[in-house]
Amino acid sequence: MKKHTTLFLLLVFASAICTIAQSSAEELRKASEIVSGIQKQFAPDARRNIFQIKAFSNNNGGLTIKGTTSDSTAFNALKKQLSSAGIEYTDSINLMPYDIWALVRLSVASLRTKGTHSAELSTQALMGTPLRVLQKSKEFWQVQTPDGYIAWIPSSSVVEKSNENIKSWKDSKRFITTSPFQVAAYRSFTAKGTRDIVTDLVRGCIVSIPGTIPIVENGRLEIELPDGRLAYADISALTPIEEWASQNFDANTILDTAYAIEGTPYLWGGMSTKALDCSGLAKTAYFANGIILMRDASQQALYGKRIEAKDWRMCRAGDLLFFGNAKTGKVTHVAIYDQKGNYVHSSGRVKRNSLDPDSESYLPTPFLHAVRIDGKEETEGIIRARNHPWYFNK
């Protein structure tokens, strides 16, 4: 009798263990599905979102959700869905900071795919660009740019700012470089020599003034660089940032910016009037008009009013043209449309070509589609700088 009782108890115990194991496996499956779903919905693009989170069984037989994300929306949505599903877990989820900022201190700073000087050039950022700092090492900081792009920048290229610092900067009297050409900022109102140059400035660089009232002498404005250095630059090359940011859509500003640097060399990852890639040209030209586009051509192709390739004659000046693989639809190149089939783009150098097969400037690269930004500002993937909370206090 005892043997039968013992056997029965063992079977009951084994059944309970099996049920617990099945329950744990089911919890893990549900949690993993929620994590995967949140990533697909809120953080699908690794260029703009860090979402390295996984669910796994821990040594105590329970469930742990562990990892890191840069996206607060994804972070909050994940917690909400796990709670709604009644899943109990050990929380080891890290949300990267939103209170550490930096301003670019060089006229053009290079950002890379990894925190090493030998890593691939990912993008560039201009002086005065506000950056969200995600993490820091000694020589490189991982940062996020105003268009959401995530990359690594040398710590020597930036100056750190606290939340209060960045709020004060956004309220300060600032100027943006609007000269189509590179200009020099000198050590005094009158200095002229090459050894008197403090820095160069390119179109899109943002500087402030020391104090509240602009001081102009000899045609030069006294400016303060993001790291506190003083310099003196031609006032004609600078525009109050509020005036620049208040622009309406202007195709001529966009095209003039592109044509002004015709012949400028192509640079993978480049995004300044010194050297740039195809999407860098689109971003630089649109930024001159106060509009922030996504970084890469494949991202830019997703936003705005779509115009099919067969309807290219309906394109207007300033529309973006996308080229690539005709079979897969993969976008690999972007250009800025002008008129009568003509466009400007960066391919080898900034130059002109045509969509018209009958034109001598026609290129056979497959044209996939176009998008119109005009009228679509403030829709997903497109934002005016005047409404971007990193540039102005809102």
Side-chain angles (χ1 to χ4, degrees), residues 104 106-111 120-127 129 176-185 194 197 199-205 233-234 236-239 244 250-293 295-297 300 312 315-324 331-367 370 373:
V104 177
L106 308 179
S107 64
V108 184
S110 294
L111 286 73
E120 177 185 343
L121 182 63
S122 178
T123 188
Q124 292 180 317
L126 308 180
M127 179 182 289
T129 299
I176 187 168
T177 308
T178 48
S179 168
F181 310 110
Q182 185 173 333
V183 297
T194 55
I197 294 173
T199 184
D200 68 308
L201 300 171
V202 299
R203 188 161 200 162
C205 287
D234 289 348
S236 61
L238 302 164
T239 298
W244 161 78
D250 186 354
N252 285 327
T253 296
I254 294 165
L255 286 163
D256 286 348
T257 301
Y259 285 132
I261 54 174
E262 191 162 1
T264 296
Y266 176 95
L267 174 66
W268 177 274
M271 205 190 72
S272 80
T273 54
K274 293 183 179 184
L276 27 62
D277 58 22
C278 64
S279 54
L281 176 64
K283 274 189 67 69
T284 297
Y286 266 84
F287 194 68
N289 193 210
I291 299 170
I292 301 171
L293 300 179
R295 176 58 184 95
D296 293 342
Q300 294 169 358
W312 68 263
C315 287
R316 299 200 306 240
D319 289 348
L320 298 180
L321 311 177
F322 296 96
F323 304 80
V331 170
T332 58
H333 189 62
V334 60
I336 308 171
Y337 189 76
D338 190 349
Q339 59 180 337
K340 298 181 180 179
N342 298 316
Y343 59 85
V344 58
H345 63 139
S346 181
S347 178
R349 67 180 189 280
V350 177
K351 60 183 180 181
R352 310 179 193 201
N353 283 106
S354 176
L355 286 176
D356 190 345
D358 296 328
S359 171
E360 292 182 357
S361 300
Y362 174 74
L363 286 181
T365 306
F367 171 49
I373 305 300

Trainee: Looking at NZ of Lys340 and OG of Ser354, how far apart are the two atoms once the value is rounded to the nearest 0.5 Å?
Mentor: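 One finds 11.5 Å between NZ of Lys340 and OG of Ser354.
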Trainee: With side chain to side chain contact (heavy atoms under 4.5 Å, CB included) as the test, would you mind laying out the steps for Thr365 and His333 before giving the verdict?
Mentor: CA-CA 9 Å; Thr365 306; His333 189 62; 5.6 Å; no
Trainee: Leu255 and Gly318: which non-hydrogen atoms are nearest, and at how many Å?
Mentor: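 The pair with the smallest heavy-atom distance is CD1-N, 4.4 Å.
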Trainee: Side-chain donor-acceptor pair under 3.5 Å between Asp200 and Ser107, yes or no?
Mentor: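 Per modelled atom types, Asp200 and Ser107 side chains form a pair under 3.5 Å.
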Trainee: Do side-chain atoms of Asp319 reach the backbone of Arg316 as a donor and acceptor pair under 3.5 angstrom?
Mentor: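 Judged by distance alone, yes, a pair lies under 3.5 Å.
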Trainee: Locate the shortest heavy-atom distance separating Asp250 from Asn289; write the atom from each residue and the value.
Mentor: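 For Asp250 and Asn289, the tightest heavy-atom pair comes out as N-OD1, 3.0 Å.
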Trainee: Looking only at non-hydrogen atoms, find the nearest pair between Leu201 and Ala185 and report the distance.
Mentor: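 Looks like CD1-CB, 4.4 Å.
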Trainee: Indicate yes or no: at least one non-hydrogen side-chain atom of Ile292 is less than 4.5 angstrom from one of Tyr286.
Mentor: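 No, side chains not in contact.
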Trainee: Please give me the minimum heavy-atom distance between Thr178 and Leu238, naming the atom from each residue.
Mentor: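 Heavy-atom minimum between the residues: OG1-C, 4.0 Å.
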Trainee: Under a plain distance cut-off of 3.5 Å, with no hydrogens placed, do Asp356 and Ser359 share a side-chain donor-acceptor pair?
Mentor: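 No, no side-chain donor-acceptor pair sits under 3.5 Å.
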Trainee: May I ask you to decide if Phe181's main-chain N or O and Ser179's side chain share a donor-acceptor pair within less than 3.5 Å?
Mentor: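 It does hold such a pair.
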Trainee: Do the non-hydrogen side-chain atoms of Ile261 and Leu281 ever get within less than 4.5 Å of each other?
Mentor: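 The answer is yes; the side chains approach within 4.5 Å.
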Trainee: Does any donor atom in the side chain of Thr123 or Arg295 lie under 3.5 Å from an acceptor atom in the other side chain?
Mentor: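 There is such a pair between these side chains.
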Trainee: Identify the two heavy atoms, one from Leu320 and one from Ala282, that lie closest to each other, and give their separation to 0.1 Å.
Mentor: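 The answer is CD2-CB, 4.1 Å.
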Trainee: Tyr343 and ring-ring contact (aromatic ring centres under 6.0 Å, His included): which partner among Phe323, Tyr362, Tyr337?
Mentor: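 One option only clears the test, and that one is Phe323.
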Trainee: Between the main-chain N or O of Gly204 and the side-chain N or O of Trp244, is there a donor-acceptor pair closer than 3.5 Å?
Mentor: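 Such a contact is absent between Trp244 side chain and Gly204 backbone.
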Trainee: Please evaluate residues Met127 and Thr199 with respect to the criterion side chain to side chain contact (heavy atoms under 4.5 Å, CB included), reporting the C-alpha separation (whole Å), side-chain torsions for both, the decisive distance (0.1 Å), and the verdict.
Mentor: CA-CA 10 Å; Met127 179 182 289; Thr199 184; 3.9 Å; yes
Trainee: Heavy atoms, side chains only, cut-off 4.5 Å: are Leu267 and Gln124 in contact?
Mentor: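 Leu267 reaches Gln124 side chain to side chain.
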Trainee: Do Val344 and Asp338 make a side-chain contact, defined as non-hydrogen atoms from C-beta onward lying under 4.5 Å apart?
Mentor: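 A side-chain contact is absent here, since even the closest heavy-atom pair is not under 4.5 Å.
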Trainee: Check whether any side-chain heavy atom of Thr273 sits under 4.5 Å from a side-chain heavy atom of Thr264, and report yes or no.
Mentor: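 No, their side chains stay 4.5 Å or more apart.
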Trainee: Is there a side-chain contact between Pro180 and Asp256 (heavy atoms, below 4.5 Å)?
Mentor: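 The answer is no, as the side chains (C-beta and beyond) never meet within the 4.5 Å cut-off.
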Trainee: Is the backbone of Leu276 close enough, under 3.5 Å, to the side chain of Ser346 for a donor and an acceptor to pair up by distance?
Mentor: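 The answer is yes, because a donor-acceptor pair under 3.5 Å joins these two groups.
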